[in-house]
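What follows is one structure encoded as structure tokens, with my remarks underneath.
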Amino acid sequence: MLDINYIREKPDEVRDALLKRMVDVDFTEMLSWDKKRRELLVETENLKAKRNKVSADIPRLKKSGQDVNPLLEEMKQIADLIKDQDTQIAEYEKKIYDFLVVLPNIPAKDVKAGGKENNEVVRVWGEKPGFSFEPKNHVDLVRDLDLIDYERGVKMGGNGFWLYKGKGALIEWALLNYFIEEHLKDGYEFILPPHILTWQCGYTAGQFPKFEDDVFSLEKEEDAANRQFILPTAETALCNYYRDEILREDELPRKFFAYTPCYRKEAGSYRANERGMIRGHQFNKVEMFQYTKPEDSEDALSELVEKAERLVQGLGLHYRVSKLAAGDCSASMGKTYDIEIWIPSMNEYKEVSSASNGYDFQARRGNIRFKREGSRKTEFVHTLNASGLATSRLLPAIVEQLQQEDGSVLVPEVLQKWVGVEKIKANK
RNA sequence: GGAGAAGUACCCAAGUAGGUUGAAGGGGACGGUUUGCUAAACCGUUAGACGUCGCAAGGCGUGCACGAGUUCGAAUCUCGUCUUCUCCGCCA
């Protein structure tokens, strides 16, 4: 949620910033509602002050034997007036809320305007593997090596699902263990959150109300706040850990990570070139999350990117880091770096981690604040998240980048203690 | 799923024939006195938060789980919701 005070003071600045995301917003009408609301509010609060005063007087006057009936009559009218104005105020508030709630975050100053095409590669690690033979794509590789079963996955879950088996399941599990081990080393706290969340969680994270159609919802409850859905990323859960709480300065930064499967509808995003495990309705991910003081969030973002990079480096896979243009950042985020892994058969880099600074956007929605030592004021914290990492695209990258001429695949050294072998060979 | 009970500030907890409760009292925390230091004792402070007006000092409004309602006036009465606990049922 954007700060209405900021919009009030610098509407043009906010407008220009959102234009970088190609979102054109005219605040004129909204600000007129805001003005009207505050005028009404002042009036109504004065009436309430009077009501409070008179209501306190009444028992006293009664005691002294005075006739209070005319006063009661007058107060009745004031009560009606208050009620009427409260309703009007609520209407304005609703309109303002509806207007603001769908607006995305303001991009950071150093983020480029425009969409995807303006993303900027800031770093490349390793090199594209050169093959002296005809390399296979991951769909064939995982089938030949018996790591993934697409057909039976679809039989069980329908289109968009697969299942891991044997060494495939072991590699997947090894990846998760590897991530967990690294995050623990860095002092992050391990969380296993609920996989079903209330609507409020999605709201805080900034996914709702705009992107409700992207998640799997459970049966609809009439009461919006109690509606539940299956989480699309652990960020949605971790972002709500401190919802409606006030932290002490010395509690920050807070660093968490969580493992959960991620469930997404991905409606309409199927493309022929995304067969295999590039995009499915369910994938595994370890997610990092930080709550920081405002002045620390830039450094925290660097830390998260670095951590995610180190994980990929540990696997020995070629990747690059892109700084996303404003329009390609997700709605809640003001700055995002993607770590993209090389998938040889697709001749493309695919995101395996997205590290973002949400600044105070989510904190405002979730009312997550902190208080500085010795200060009475509260301030919003900053929230950051980064995948560390998503696995469903790592397995394809591993098998494709590390495939050998004989059709086998090398197991990255860091995973060997869990997988139990150095190389996966076809059974046949 | 069924039946009961409960939800008051950091914690515990009083408070129902609606009206000086702008929520008692305790604990804790913080400050002070005493002390070589600590403890104890004693004295004092402690509703936070949000909104709004104001250059400011400060004023006003809202707040007793949440949301509606009744009333001139609600922690207190009515309705709905949520959460927790106990018991029963079902079940991995």
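In the text below, chain A, chain B and the rest are named by the order of the sequence lines, each starting its count at 1. These numbers come from the heavy atoms of this one structure, side chains and all, not from hydrogens, waters or symmetry mates.
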With a cut-off of less than 4.0 Å, is there a side-chain N or O of A/N52 near OP1 or OP2 of B/U62?
yes

Listed by chain and number, what are the side-chain hydrogen bond (donor to acceptor under 3.5 Å, both in side chains) partners of A/Q88, not counting sequence neighbours?
A/D84

Reckon A/R38 has a side-chain N or O less than 4.0 Å from the OP1 or OP2 of B/G54?
no

Touch check for A/R364, heavy atoms < 4.0 angstrom, all strands: base, sugar-phosphate only, or nothing?
nothing

Polar atom pairs between nucleotides 75-79 of chain B and protein, under 3.5 Å, N or O only, would you list them?
none

Provide the distance between the two C1' atoms, one in B/G54 and one in B/G61, to the nearest whole Å.
15 Å

Can you list everything that forms a side-chain contact (heavy atoms from CB on, under 4.5 Å) with A/V101? Sequence neighbours excluded, please.
A/M1, A/Y97, A/Y203, A/P209, A/R365

Answer yes or no: does a side-chain N or O of A/R369 lie under 4.0 Å from OP1 or OP2 of B/C50?
yes

Using 0.5 Å steps for rounding, measure from the SG atom of A/C262 to the CG atom of A/N284.
7.5 Å

Hey, can you pull the donor-acceptor pairs under 3.5 Å for the side chains in residues 69-81 of chain A, sequence neighbours left out?
from: A/N69; atom 1: ND2; to: A/D67; atom 2: OD1; distance (Å): 3.4
from: A/E74; atom 1: OE2; to: A/K50; atom 2: NZ; distance (Å): 3.1

Atom pairs, protein N/O to nucleotides 69-72 of chain B N/O, distance under 3.5 Å:
from: B/U70; atom 1: OP1; to: A/K83; atom 2: NZ; distance (Å): 3.4
from: B/U70; atom 1: OP2; to: A/K83; atom 2: NZ; distance (Å): 3.0

How would you list, by chain and number, every residue that makes a side-chain contact (heavy atoms from CB on, under 4.5 Å) with A/D110, sequence neighbours excluded?
A/A108, A/K323, A/K335

Name the closest nucleotide to the A/I246 side chain, picking from B/U62, B/G51, B/A49.
B/A49

